[in-house]
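Below is one structure, written out as structure tokens; comments come after it.
First the proteins, then the strands, lettered A, B, ... as listed; each starts at 1. Side chains are part of it too, since the values below use all heavy atoms of this structure and drop only hydrogens, waters and symmetry mates.
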Amino acid sequence: MDYNFKEIESKWQEYWKNNKTYKVDIDPSRPKFYVLDMFPYPSGAGLHVGHPLGYIASDIYSRFKRLQGFNVLHPMGYDAFGLPAEQYAIQTGQHPAITTDINIKRYREQLDKIGFSYDWDREFRTCDPSYYKWTQWAFIQMFKHWYNNQAQKAEPIEKLIAEFDKNGNSKVDAVCSEVKAFTAEDWKSMTEVEQQEVLLAYRLAYLADVMVNWCPALGTVLANDEVKEGFSVRGGHPVEQRKMRQWCLRISAYAERLLNDMETLEWTDSLKEIQRNWIGRSEGAEVYFKIDGSDMKILIFTTRPDTIYGATFMVLAPESELVDELTTPEYAEKVSAYRDEVKRKTERERMAEAKKVTGQFTGSYAINPFTNERIPIWISEYVLAGYGTGAIMAVPAHDSRDFVFARTFNLPIIQTVIRPGEQATDPNSWSESYDSKEGVVINSTLINGLDVKQAISKINEVIESRGLGKRKINYRLRDAIFSRQRYWGEPFPVYYKDGMPYAIDESKLPLELPEVDAFLPTEKGEPPLGRAKNWKNADGYGYELSTMPGFAGSSAYYLRYMDPHNNNGLVSKEANNYWENVDLYIGGTEHAVGHLIYSRFWNKFLFDLGHVCKNEPFKKLINQGMIQGRSNFVYRIKNTNSYVSLNLKDKHDVTPIHVDVNIVSNDILDIDAFRKWRPEFSDAEFILEDGKYICGWAVEKMSKSMWNVVNPDVIVDKYGADTLRMYEMFLGPLEQSKPWDTNGIDGVHKFFRRFWRLYHNANNQIEVSDAEPTAQELKVLHKTIKKITEDIEKFSFNTGVSAFMICVNELTELKCNKRAILEPLCALIASYAPHIAEELWHLLGHNNSVCDAKWPKHDEMYLQESTYTCPVSFNGKTRFTLEIPLNIPQAEVEKIVLTDANTQKFLEGKQPKKIIIVPNKIVNIVL
RNA sequence: GCGGAUGUGGCGUAAUUGGUAGCCGCGCCAGACUUAGGAUCUGGUGUCGUGAGACGUGGGGGUUCGAGUCCCUUCAUCCGCACCA
């Protein structure tokens, strides 16, 4: 074999490792560049060919930046806490630490074969105490801070306590849980427990009774982003709503900043849009409605205060605490039955029945503050407890849900907005509501005749001046529930005294995860940590039994890479000021709202405290597409063990069966391998076409059950890492999803062999000439340099590969083996194919690594042409081309074209009506 | 229902951003060499047509000298959100 990739690749991988070629340190003399891959969770299944896609792209970019003179930070590590290892532990008894360790080793082996330029000296895993020490530290900081709306940042809780001592909480403008107003005297007279309870309502990491997504099968609560359509994302188990006392992170305090700062990020619009939806900002007003015959008031949130004259009833969430007080004795039974029914329903059922209208009258009435009408108060599940105030004023004329509800329960409908230029109509004749984002207000004494926009601002003024309520911005984003009733996660650095939580002293960190005798809840139903012996501090106070969720460890990991061995801080000032934040982040869309929003929040919090210098963690982000599987099928004739080839299958009644793609080549089945594949196929019979068994195929998700998983190890073994890297990029645009088809890889592999041959003679010995290159050769080189540089800069790696192929085809054609051409070409390809480049670089006589070569620069001089191929078209249809000198006057072009014999032929004796000449491009003759 | 993305040969894709549609590769066809091989090399390969030529970028319409690219409309597939007041 001429191009011996096996020998070459293992040799240079060894060399890079021994020479620490990819080690980086702070170097103020060079500009920094930080390239990061999304933190992998090493699963037991190992890598398939889809996983490294983004890693290869980021590696190419890292190497490119390094060749351009940047000091590139390109680290890798593992998100190692998490459910799968723990589920496995429950099934087998094997400690999750062992499972995790095995998986990581396997992962690392696979990564190492692909030749990435990671600085492995910076590697860490989140389950290592020296790492989670800083996760716990960050949690303690959140526990010790509150969010000051006036300063728009997190501030120390001591400052808040000082304010309480001085003025109580009346002047405090905080993002906090519900707290009653108190004076300084009140505060001072509170017991320690009472004070702690108040402080909890302000802390950014706080304990509260909240409705949670409880997953009985996993025995834990889950965050909103961990639940999809009523089922857990991991494992697909049903999830139900429950009220539990849980740790939460007050991410809602940062909603506005998370929203606004997105402007500064180079992320795709679709990803920003997903985050915007998740944050869900809406402007409106909070308004109090008095209860008829009582001192009570109900606070509602509306985005359409201009329609308040049309509010003919109210609806509360069934879970609302006010319901008990509002329900009159005669409705008590019905209300309680309705609430039970709603409670029993799982999230899943609730969604399935989304269109069904249910509700129950409470017996009480409220007073519409503008019409002074008595309006009935209902409860219904279409009002969510967790959004706004959990209560609405229903305006059936102008809200589709309220409309359906009113129709179902026979409640009055009053129109208060008309379409521009139209008259009011009888709502009884309507078939749907008029969801009136624009129009003119009617039936609304104070705001009649105004358009919607003006009406909103006018009515808001009135609401505020009469003390009925105030303008309010609401967010869909809820505080992140941070407790997991599981073992394999970071312990909370918290102990309990008199039922109140206290942070342990930072000097005692990390609080290490204790051993337990089983990874299951205790008999009392406590989390697994309830089994740990002596799970309490020196004073005998018990530690928290929950652990932190998966996103805890991955929220600040990009900071730790800057300074991974620092035992005195998450990241030193020096390292942070140098590396700042991630310049390029590559990963899948699956983290659009989970990790990517938690990290931003976490980073902003640390920014507020002055621990990090940038307010956003990831400047530019690229979502790589998924690599899908290409499955193959055989067709079994029903009730037989006979298999019929694809194009004959329609003559039979067949069942398609997935067949392992590894025993199929170009859709032709390896019949012997198939017989050996599984016992039931050992005596299979085949109906062939042209002596072959042709398989059917389909594009599906790459998964074990589809038998279409392709392991990168197998590809590396057969074709080499450089071929794998190049082929993954060749497949198509990085951001797009596309199927993996091993068949195409030959083309890339052949390319490398031809590339190799450029540098070698017939005896496979390096042979380059020092002769002066020709203009043609220089043109090929410089054209390629230009194209490759531009393509990498815009992350168009697939067209880059194609450009390399064209270049090698052309140089082969020219029989070029000149150093002046081949040496820059070697540096150019080093980012895509580092192994072969390193080998050739050394064969060319260099002693340093090709990683430290200089990125070649193209020179326009070599690309200059004196003529161009000009397409001549008639009525827009190209008929022939002419070689025409560049940059000559239009009149001359016209003359050349018109005197051409071909032109005369197509003119057929007619006079051209018009001749369009686009200089140096095209000529179009209009007949 | 709302929001986003995508649609080009048998397949993955390319197209200087309004200027020769199909680059590069797979596959396929033909040929050469050969120890007959799933190696290598050469040529061909969008569709229809013997041909000149006609047609052709999901469908329909429009703007333009000229549209894969811009506008309107429609269809299909994928993804995200989904009672958010």
**OP:** Can you run down the side-chain hydrogen bond (donor to acceptor under 3.5 Å, both in side chains) pairs that involve residues 780-791 of chain A, sequence neighbours left out, and say none if there aren't any?
**Re:** A/Lys783-A/Glu810, A/Lys786-A/Glu860, A/Lys787-A/Asp791, A/Thr789-A/Trp855, A/Asp791-A/Thr799
**OP:** Using Watson-Crick or G-U wobble geometry with both distances below 3.5 Å, tell me the partner of B/rG66, or none.
**Re:** none
Original post:
For B/rU42, which nucleotide in any strand shown is its Watson-Crick or wobble partner with both distances under 3.5 Å?
Top reply: B/rA30
Subject >> First of A/Gly388 and A/Lys921 reached from the 5' end of RNA chain B, by closest nucleotide >> reply: A/Lys921
**OP:** Mind listing the residues from residues 801-814 of chain A sitting with a heavy atom below 4.0 Å of RNA chain B? Number order is fine.
**Re:** A/Ser802, A/Met805, A/Ile806, A/Asn809
What's touching nucleotides 77-80 of chain B from the protein side, N or O pairs under 3.5 Å?
| unit_1 | atom_1 | unit_2 | atom_2 | d |
| --- | --- | --- | --- | --- |
| B/rG80 | OP1 | A/Lys228 | NZ | 2.6 |

Original post:
According to the Watson-Crick and G-U wobble definitions, with both distances under 3.5 Å, which nucleotide is paired to B/rA54?
Top reply: B/rU47
Subject >> Parallel, tilted or perpendicular: rings of A/His398 and A/Tyr434 (30°, 60°) >> reply: perpendicular
Subject >> Nearest-Å distance once atom C1' is located in both B/rG38 and B/rC48 >> reply: 35 Å
**OP:** Could you label the plane-to-plane angle of the A/Trp756 and A/Tyr3 rings as parallel, tilted or perpendicular, counting under 30° as parallel and over 60° as perpendicular?
**Re:** tilted
Subject >> Separation between the C1' atoms of B/rG18 and B/rA67, rounded to whole Å >> reply: 7 Å
**OP:** Could you check A/Arg630 against A/Arg757 and say which one's nearest nucleotide on RNA chain B is further toward the 5' end?
**Re:** A/Arg630
Original post:
How is A/Arg276 classified with respect to the nucleic acid when contacts are heavy atoms under 4.0 Å: base, sugar-phosphate, or nothing?
Top reply: nothing
Subject >> Anti or syn - B/rG44, cut at 90° from 0 >> reply: anti
Where do N or O atoms of nucleotides 26-31 of chain B meet protein N or O atoms at under 3.5 Å, pair by pair?
| unit_1 | atom_1 | unit_2 | atom_2 | d |
| --- | --- | --- | --- | --- |
| B/rC26 | OP1 | A/Lys750 | NZ | 3.0 |

Do any N or O atoms of the protein come closer than 3.5 Å to N or O atoms of nucleotides 63-71 of chain B, and which pairs are they?
| unit_1 | atom_1 | unit_2 | atom_2 | d |
| --- | --- | --- | --- | --- |
| B/rC65 | O2' | A/Asn924 | ND2 | 3.1 |
| B/rC65 | O2 | A/Asn924 | ND2 | 2.5 |

Original post:
Can you tell me the Watson-Crick or wobble partner of B/rU6, both distances under 3.5 angstrom?
Top reply: B/rA76
Atom pairs, N/O to N/O, protein against nucleotides 54-57 of chain B, distance under 3.5 Å?
| unit_1 | atom_1 | unit_2 | atom_2 | d |
| --- | --- | --- | --- | --- |
| B/rA54 | OP2 | A/Arg879 | NH1 | 3.3 |

Original post:
Relative to the ring of A/Tyr387, is the ring of A/Phe301 parallel (under 30°), tilted (30 to 60°) or perpendicular (over 60°)?
Top reply: perpendicular
